**Student:** 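This is the structure I have questions about; it appears just below.
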Number of protein chains: 2
Amino acid sequence: MIFGECKLFRDVVYAKSLSRAAQLNGISQSAATQQIQDLEKRLGTELFDRSTRPLGLTPAGKLYADLCRDVLRRAEDFTAALEEIRDTSESTIRIASIYSIGLSEMGRLREEFGQVLPAAAIHVELLRPDRVYDAVLTDQADLGFISYPEHRRELTVIPWREERMTVAAYPTHPFASRGMVQPADLDGQAFIAFDEEVIIRRELDRFFRDSGVEISISMQLDNIQSIKEAVALGSGISILPERTMQAEVEQKRLVSIPLNAPELRRPVAIIHRKKKKLTRAVREFLNFVTG
Amino acid sequence: MIFGECKLFRDVVYAKSLSRAAQLNGISQSAATQQIQDLEKRLGTELFDRSTRPLGLTPAGKLYADLCRDVLRRAEDFTAALEEIRDTSESTIRIASIYSIGLSEMGRLREEFGQVLPAAAIHVELLRPDRVYDAVLTDQADLGFISYPEHRRELTVIPWREERMTVAAYPTHPFASRGMVQPADLDGQAFIAFDEEVIIRRELDRFFRDSGVEISISMQLDNIQSIKEAVALGSGISILPERTMQAEVEQKRLVSIPLNAPELRRPVAIIHRKKKKLTRAVREFLNFVTG
DNA sequence: CAACAATATCAGAAATACTTATGCTATTCT
DNA sequence: AGAATAGCATAAGTATTTCTGATATTGTTG
């Protein structure tokens, strides 16, 4: 019981009787008497006027009764608010994701998981990679979806999938009719690349170097969405995770041509705080996604 | 300590540390830990995020911290208000008095008692007799000053003095030059009497009957003040407690002539609730007045 | 990974709160 | 007024809670 002492006092005032208040609180009359006496001793003032029956309040007792009323009312608000956040935080799954994964996967996941656990509310926030780590570390998100996962001490990293990388080209590009592109074919092609600081760029640079291919970079952008746009507008070709192109391929704004480079894969992982106790909903979701 | 649990929690939040909060509250770190854990168990929610240091609040913990802040603030107001009423109620003496005594005695008593206990504030309320009893019984007054005291179960009656009754006359009345009036002298005089329901009236009626005196009532009033006024204006004579005429006699608006009737005295008493614990100031005052 | 600082846990001791039985007191009824 | 009644106070013993000190565990830092 929270603020039980206040409740007892309020009940005594209301019932004008220690014995009835004791009943209301499931204790003996003697216990109620002792509690009130102890309270009076602590405050150094009589709270009830014992010389009359039914029990009346002294001026100090009136003040304390007001205090109890206010405290109990405030406590009720608290309890209600607590119930509320319990309900919502128990059933909402807060996900932070990098743009590419969020855009290509989250719609599907949300829909499919809705069948499994309809009570859950999935909240997705799309962020730049480092903000995804932050969100998870500061408990603003339960789970984070990232590519090329960095391992950190406070994080649990769950490898999720390795996405195949394919060549992205505009429909009229010569590659568009090919069934498969060889690394060597890329030599000299106008290429739309990621900014240098993006990990995927470094992976591709290494791939080109290893394959002895020299590409000509026609544009540098920092996100997949913009690269797809540039490719569709014919500014060059690129190499992107196949699944992130799905929508544009269906709309025939892009074509995705397999690249003969099995080692070129983008690892996608789910992260969460190592120490955090996951709610049932989050565990179910993780289980559903990875299982 | 009042709301000690809230205080501890607030301190933990403030110090972001159980051990420092424990120090602040003069208990061991272990005790603090256990208290918070017990609180969490009662609420059914974690309040602190233990997976990080310094300790951080969970959303529920934030709610509870707000509750504690509000409760403690409210409790401070209460404590201040309590201190205030304690100070005043400890040092103020609430007196209910009938008009005649209040007017003739209270000024003097207040002044003299001011020398004895300067800290005390004397509050006098002048009321009709039955309201004086009410005021004392309902604890609106600590002491009551009344004449012809009625004894009641819940009251302690302290006889204070027996006031001599003298003849009140206007300065030009034949009695004015007398040194003493005999009961028989009153026969046939125009007399200003109390209303029938006033006790003093019944006492005087008995006196007249016992003395075989027949007076002629020229006016009936229900209070001494009005009677003095009427006598001063020459509407007749009256018999009044000597002390209540003091001011008018000094102003030479009335004369007070001794009456040879030693049995005719008005008893004045102080009453208070039998069960009520009198404050020190009130006890001092009683002691001063009666001692 | 070692070292440090803080929290968690455990067991026993101290303090507090509760219960039953009984004494007291205010009120009511006659 | 006095006996009966209902309700509060008190006492003593028991149960429960809370605290402490020692120790284990955990999070952080270099």
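Only this structure's heavy atoms are used, side chains among them; waters, hydrogens and symmetry mates stay out. Remember, it's a predicted structure, so these values are computed and weren't measured experimentally. The sequence lines fix the lettering, A, B, ..., with proteins before strands; numbering per chain opens at 1.
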**Student:** Rounding to a whole Å, what distance do you find between A:E40:CD and D:dC8:P?
**Tutor:** 13 Å
**Student:** As an exercise, state the distance from CD1 of B:I95 to CG of B:L126, rounded to the nearest 0.5 Å.
**Tutor:** 10.5 Å
**Student:** Over the length of the helix from C:dC1-D:dG30 to C:dT30-D:dA1, how much do the five-pair end axes diverge, rounded to 10 degrees?
**Tutor:** 50°
**Student:** Could you check which of C:dT7, D:dT10, D:dC8 has an atom nearest any side-chain atom of B:Q29?
**Tutor:** C:dT7
**Student:** Is it true that B:E203 and B:R206 have a side-chain N and a carboxylate O under 4.0 angstrom from each other?
**Tutor:** yes
**Student:** Determine which pairs satisfy side chain to side chain donor-acceptor pair (under 3.5 Å) with at least one residue from residues 55-67 of chain B, sequence neighbours left out, and list them in order.
**Tutor:** B:K62-B:D66, B:D66-B:R69
**Student:** Does B:R20 come within less than 4.0 Å of B:D11, counting only side-chain N to carboxylate O?
**Tutor:** no
**Student:** Would you mind telling me which of D:dC8, D:dC19, C:dA8 lies closest to the side-chain atoms of A:L18?
**Tutor:** D:dC8
**Student:** Which whole-number value in Å describes the distance from B:K41 NZ to D:dT18 C1'?
**Tutor:** 12 Å
**Student:** May I have all residue pairs that pass salt bridge (Lys or Arg N to Asp or Glu O under 4.0 Å) and include part of residues 140-149 of chain B, sequence neighbours excluded?
**Tutor:** B:R94-B:D142, B:D142-B:K276
**Student:** Scan A:I93, A:L109, A:L117 and name whichever one has a side chain to side chain contact (heavy atoms under 4.5 Å, CB included) with A:I122.
**Tutor:** A:I93
**Student:** Hey, which of these two, B:R50 or A:Q35, hits DNA chain C nearer its 5' end, going by closest nucleotide?
**Tutor:** B:R50
**Student:** Nearest whole Å is fine: how far is D:dC19 P from B:I36 CD1?
**Tutor:** 11 Å
**Student:** From CD of A:Q23 over to P of D:dC8, roughly how many Å is that when rounded to an integer?
**Tutor:** 11 Å
**Student:** For nucleotides 1-4 of chain C, which of its nitrogen or oxygen atoms have a protein nitrogen or oxygen under 3.5 Å away, and what is each distance?
**Tutor:**
none

**Student:** Tell me whether B:S51 contacts the main-chain N or O of B:D49 through its side chain, where contact means a donor paired with an acceptor under 3.5 Å.
**Tutor:** no
**Student:** Please give, in whole Å, the distance from D:dT28 C1' to A:L155 CG?
**Tutor:** 16 Å
**Student:** Please check if atom CD in A:E150 has more than 12 non-hydrogen atoms from other residues, nucleotides or ligands closer than 6.0 Å.
**Tutor:** yes
**Student:** Of A:T52 and A:D38, whose closest DNA chain C nucleotide lies nearer the 5' terminus?
**Tutor:** A:D38
**Student:** Find every protein N or O atom lying less than 3.5 Å from an N or O atom of nucleotides 11-14 of chain D, and list the pairs.
**Tutor:**
residue	atom	partner	partner atom	Å
D:dA11	N6	A:S30	OG	3.1

**Student:** Report which part of the nucleic acid B:S19 touches: base, sugar-phosphate, or nothing (heavy-atom distance under 4.0 Å, all strands).
**Tutor:** sugar-phosphate
**Student:** Is it the case that atom CZ in B:F288 sees more than 12 heavy atoms from other parts of the structure closer than 6.0 Å?
**Tutor:** yes
**Student:** Please report, rounded to the nearest Å, how far the P atom of D:dT18 is from the CD atom of B:Q37.
**Tutor:** 13 Å
**Student:** Between B:E83 and B:R86 (salt bridge meaning N to carboxylate O under 4.0 Å), is one present in this structure?
**Tutor:** yes
**Student:** Do we see a donor-acceptor contact under 3.5 Å between the side chains of A:S19 and A:Q23?
**Tutor:** no
**Student:** Provide the full list of ring pair (Phe, Tyr, Trp, His ring centres under 6.0 Å) pairs with a residue in residues 261-285 of chain B, sequence neighbours left out, each pair given once.
**Tutor:** B:F113-B:F285
**Student:** Nearest whole angstrom, please: distance from the C1' of C:dA17 to the CG of A:L39.
**Tutor:** 14 Å
**Student:** Just how far, in rounded Å, is P of C:dA6 from CZ of B:F48?
**Tutor:** 16 Å
**Student:** Nearest to the side chain of A:T33, heavy atoms from C-beta on, is which of C:dT27, D:dC8, C:dT19?
**Tutor:** D:dC8
